[in-house]
Amino acid sequence: MSQLRLRFAPSPTGYLHVGGARTALYNWLTARRHAGTFILRIEDTDADRSQPELTTAILESLQWLGLDWDEGPYYQSQRLELYRARAQELERSGHAYPCFCSPEELRVKRERAEVEHRAWKYDGTCRNLSPAEQSRRRAEGRPAALRFRVPDSGRTAFEDLVFGSIELANSEIEDFVLLRSDGQPTYHLSVVADDLDLRVSHVVRGADHLSNTPKQILMYRALGAPEPIFAHLPLILGPDKQRLSKRHGATSVGAYREQGILPEALTNFLALLGWTPPSGKEILSREEMVAQFDLKAVSRSNAVFDPEKLTWMNSEYLRHLPLEKLLPRVEAQLHAEGLWNPAFSQAERERFEDSVRLLQTRARTLKDFSHSGRAFFTEDFSFDPEARAKFWKEPHLADWLSELARRLRSLSPFDLEGTEKCLRALAEEKGVRAGVLINAARVALTGQAVAPGLFDVMVTLGQDRVAQRLERAAAFQRQSQSAGS
RNA sequence: GGCGCUAUCGUCUAGGGGUUAGGACGUCAGAUUCUCAAUCUGAAAACCCGGGUUCGAUUCCCGGUAGCGCUACCA
């Protein structure tokens with residue numbers, strides 16, 4: 001196979017959607033697998049809906065996902081001459097003709113057809129105007145759109161890499177608009193013109209374009225140009241099987257980033273939405289994906305986006321991430337939450353690293369470091385009411401925690417074994433199960449009912465903090481007891 | 001409405017004319033324990049319906065149904 005060229009062509013009318021991200025990923029994987037070229041093109045011909053800031057956001061999301069492009073971004077809004085040239089070419093060869101029907105007239109006809117339950121298709125009013133009539137109307141200054149002349153018989157067929165052979169009767173296709181009356185190209189014209197100009201070999205895009213493809217095939221043929229290979233991707237749906245949209249919650253790549261999802265987890269998850277690697281292994285490195293990805297193995301049915309599985313996958317990545325790679329991400333997360341302490345990169349570096357290492361074993365998203373793990377990075381944390389209700393029930397707890405604090409303060413060395421012995425001895429003296437003290441102390445030290453093993457927590461926090469926090473918890477209990485009685 | 005596409009556990013999927021229909025997430029139970037994860041063990045859970053072809057269809061064909069997509073001077 002000669003040099004492969006693929007493109008991802010988002011339109012800046014929204015943030016990068018997970019569906020778009022998967023399309024970009026499949027294009028990228030195919031390009032990388034075959035040492036081809038991955039091109040980025042921004043489809044911003046709809047001036048009303050396109051927003052330049054969104055282009056920036058889309059580019060950032062792609063970079064964050066690690067989907068680097070080799071060419072572009074090309075902006076369609078800057079390539080209008082190309083589309084007009086193609087339009088002229090089609091008009092000269094008789095494959096396109098000017099249409100003077102106003103959008104208003106057409107809307108009326110379409111609506112009437114609808115109430116009468118007739119299928120509507122452009123009726124060809126301007127299809128066979130004589131050249132004289134055309135120039136007369138032009139001379140009058142009547143605005144004209146340019147329409148493609150679809151053959152009125154025959155069928156148009158093509159082979160889709162994913163869906164197999166697709167065939168459509170030409171009579172089902174209307175004479176679609178190529179150039180709007182203001183001279184702006186429509187999607188059909190600009191994609192074909194660009195894909196031709198950029199020598200795109202494989203058009204990989206959402207299945208919502210499957211029905212449009214015959215129109216584009218017709219254009220390639222009218223231009224006498226070689227057709228690219230098409231591969232359409234099944235759509236991503238929400239839990240209700242409707243196309244995934246904002247009302248299902250987070251749909252943009254940026255939203256998952258904010259939720260503490262790692263880009264490698266998101267791409268891995270997305271890769272599996274519609275594709276299974278031959279190895280059957282679900283957790284795949286980028287290299288493994290590149291080595292195994294094949295458009296021909298993509299599923300044809302739509303897939304429901306399952307955030308639960310994404311979270312699971314994220315926790316897999318998080319737990320296996322080498323510490324040196326995790327550290328900067330946690331740092332960024334703490335910055336975002338206003339919890340970053342400059343000492344973490346200086347005097348308290350070791351404690352910071354120990355904390356991250358400890359929290360890592362049970363983190364599901366980066367947010368877990370700043371939320372449930374908050375007490376590891378700041379003194380500004382509170383005792384979770386539910387945790388208190390569950391583990392601070394013993395009436396003598398305040399005294400026990402004070403005593404524990406006193407003993408731990410003089411413990412040496414302050415290590416895993418020593419702290420555990422110390423606590424268990426106290427529990428025995430007080431005639432209480434060690435678990436009672438352990439759970440109570442966990443709430444005192446972390447504010448949470450759920451946290452890593454207590455003695456790991458102690459050693460990580462350090463002797464002074466542990467003693468202080470136990471005292472603080474004891475004081476808190478005494479206060480709430482006297483207030484309550 | 002017309003046209004197109006799709007249909008295996010709740011979800012993502014493997015498979016394919018004869019299989020105990022496999023895996024993953026999730027769920028449930030047990031082990032472990034210091035809470036929660038992790039880990040280990042086990043369990044429940046699927047071939048949309050109807051015809052046809054065939055010795056035999058979940059698999060192939062046809063029809064139905066359902067879902068999705070397209071049906072713009074949006075992309």
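Chain letters run A, B, ... following the sequence lines, proteins first, then strands; residues in each count from 1. Basis for what follows: all heavy atoms, side chains included, without hydrogens, waters or symmetry-related copies. Nothing here was measured: the structure is a model prediction, and the numbers come from that model.
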Exercise. Can you tell me, in whole Å, how much space there is between the P of B/rU32 and that of B/rG50?
Key: 48 Å
Quiz item: Rounded to whole angstroms, how far apart are CD on A/Q360 and P on B/rA38?
Solution: 15 Å
Practice problem: Would you list the pairs meeting ring pair (Phe, Tyr, Trp, His ring centres under 6.0 Å) in which at least one residue belongs to residues 96-120 of chain A, sequence neighbours left out? | Solution: none
Quiz item: Roughly how far apart, to the nearest Å, are B/rC34 and B/rU27 at atom P?
Solution: 24 Å
Practice problem: Keeping to residues at least two apart or across chains, list the salt bridge (charged side-chain N to carboxylate O under 4.0 Å, His left out) pairs with something in residues 7-26 of chain A. | Solution: A/R7-A/D195
Practice problem: Write down the distance between CG (A/L235) and P (B/rG4), rounded to a whole number of angstrom. | Solution: 19 Å
Quiz item: A/A449 near the nucleic acid: base, sugar-phosphate alone, or nothing, with a heavy-atom cut-off under 4.0 Å?
Solution: base
Quiz item: Using atom P of each nucleotide, how far apart are B/rG10 and B/rA44 to the nearest Å?
Solution: 15 Å
Self-check item: Side chains of A/K109 and A/T125, donor plus acceptor under 3.5 Å
Solution: yes
Self-check item: G-U wobble or Watson-Crick pairing nucleotide for B/rU27 (cut-off 3.5 Å, both distances)
Solution: B/rA43
Self-check item: Nearest-nucleotide 5' precedence on RNA chain B, A/E308 against A/A119
Solution: A/A119
Quiz item: In chain order, what residues pass the side-chain hydrogen bond (donor to acceptor under 3.5 Å, both in side chains) check against A/N302, with sequence neighbours excluded?
Solution: none
Quiz item: Can you list the residues that meet the ring pair (Phe, Tyr, Trp, His ring centres under 6.0 Å) rule with A/H209, with sequence neighbours excluded?
Solution: A/Y187
Where do N or O atoms of nucleotides 41-50 of chain B meet protein N or O atoms at under 3.5 Å, pair by pair?
none

Self-check item: Worked check of side-chain contact (heavy atoms from CB on, under 4.5 Å) between A/F8 and A/W28
Solution: CA-CA 8 Å; A/F8 176 57; A/W28 184 90; over 6 Å; no
Exercise. Determine the interatomic distance between C1' on B/rA45 and the same-named atom on B/rU39; round to the nearest Å.
Key: 24 Å
Practice problem: Over 60° means perpendicular and under 30° means parallel, so classify the ring planes of A/F381 and A/F383, tilted if in between. | Solution: perpendicular
Self-check item: Set of ring pair (Phe, Tyr, Trp, His ring centres under 6.0 Å) partners for A/F269, sequence neighbours left out
Solution: A/F305
Practice problem: Please measure how far the P atom in B/rG30 lies from the corresponding atom in B/rG69, and state the result in whole Å. | Solution: 44 Å
Quiz prompt | Listed partners of A/Y83 passing ring pair (Phe, Tyr, Trp, His ring centres under 6.0 Å), at least two apart | solution = none
Quiz item: Taking the same atom, P, in B/rG2 and in B/rU19, what whole-Å distance lies between them?
Solution: 41 Å
Quiz prompt | Under 4.0 angstrom between A/R300 side-chain N/O and B/rU6 OP1 or OP2 | solution = yes
Practice problem: With sequence neighbours excluded, give me every ring pair (Phe, Tyr, Trp, His ring centres under 6.0 Å) pair touching residues 161-182 of chain A. | Solution: A/F148-A/F176, A/F176-A/H188
Quiz item: Looking across every strand, which nucleic acid part, if any, lies under 4.0 Å from A/I166 by heavy atom: base, sugar-phosphate, or nothing?
Solution: sugar-phosphate
Practice problem: Quick one: look up who B/rA66 pairs with, Watson-Crick or G-U, both distances under 3.5 Å, and put none if it's unpaired. | Solution: B/rU6
Exercise. Sticking with atom P, work out how far B/rC61 lies from B/rU54, rounded to a whole angstrom.
Key: 16 Å
Quiz item: Taking the same atom, C1', in B/rC36 and in B/rC12, what whole-Å distance lies between them?
Solution: 27 Å
Exercise. Using a strict 4.0 Å threshold on nitrogen-to-oxygen distance, state whether A/R110 and A/E114 make a salt bridge.
Key: no
Self-check item: Test: A/E403 and A/R407 ion pair at under 4.0 Å
Solution: yes
Practice problem: Take nucleotides 70-75 of chain B nucleotide by nucleotide from the 5' end and write B, S or -, depending on whether a protein heavy atom sits under 4.0 Å from the base, only from the sugar-phosphate, or from neither. | Solution: S-SBBB
Quiz item: Between the side chain of A/S315 and the main-chain N/O of A/W312, is any donor-acceptor distance below 3.5 Å?
Solution: yes
Quiz item: In the strands shown, is B/rU20 matched to any nucleotide by a Watson-Crick or G-U wobble pair with both distances under 3.5 Å, and which?
Solution: none
Exercise. Can you check each nucleotide of nucleotides 10-15 of chain B against protein heavy atoms at under 4.0 Å and return B for base, S for sugar-phosphate only, - for none, in 5' to 3' order?
Key: -SSSS-
Practice problem: Find the distance A/H320:NE2 to B/rA37:P and express it as a whole number of Å. | Solution: 18 Å
With 3.5 Å as the limit, what N/O pairs link the protein to nucleotides 32-34 of chain B?
residue: B/rC34; atom: OP1; partner: A/R424; partner atom: NH2; Å: 3.1
residue: B/rC34; atom: O2; partner: A/R442; partner atom: NH2; Å: 2.0
residue: B/rC34; atom: N3; partner: A/L454; partner atom: N; Å: 3.1

Quiz prompt | A/R41 to A/W69, cation-pi by 6.0 Å centre distance and 45° axis angle | solution = no
Exercise. Just name whichever nucleotide pairs with B/rU58, Watson-Crick or G-U, keeping both distances under 3.5 Å, else none.
Key: none
Exercise. Using both distances under 3.5 Å as the test, list the Watson-Crick or G-U wobble partner of B/rG1, or none.
Key: B/rU71
Self-check item: Partner set under ring pair (Phe, Tyr, Trp, His ring centres under 6.0 Å) for A/W275, not counting sequence neighbours
Solution: A/F293
Self-check item: G-U wobble or Watson-Crick pairing nucleotide for B/rU53 (cut-off 3.5 Å, both distances)
Solution: none
Quiz item: According to the Watson-Crick and G-U wobble definitions, with both distances under 3.5 Å, which nucleotide is paired to B/rC36?
Solution: none
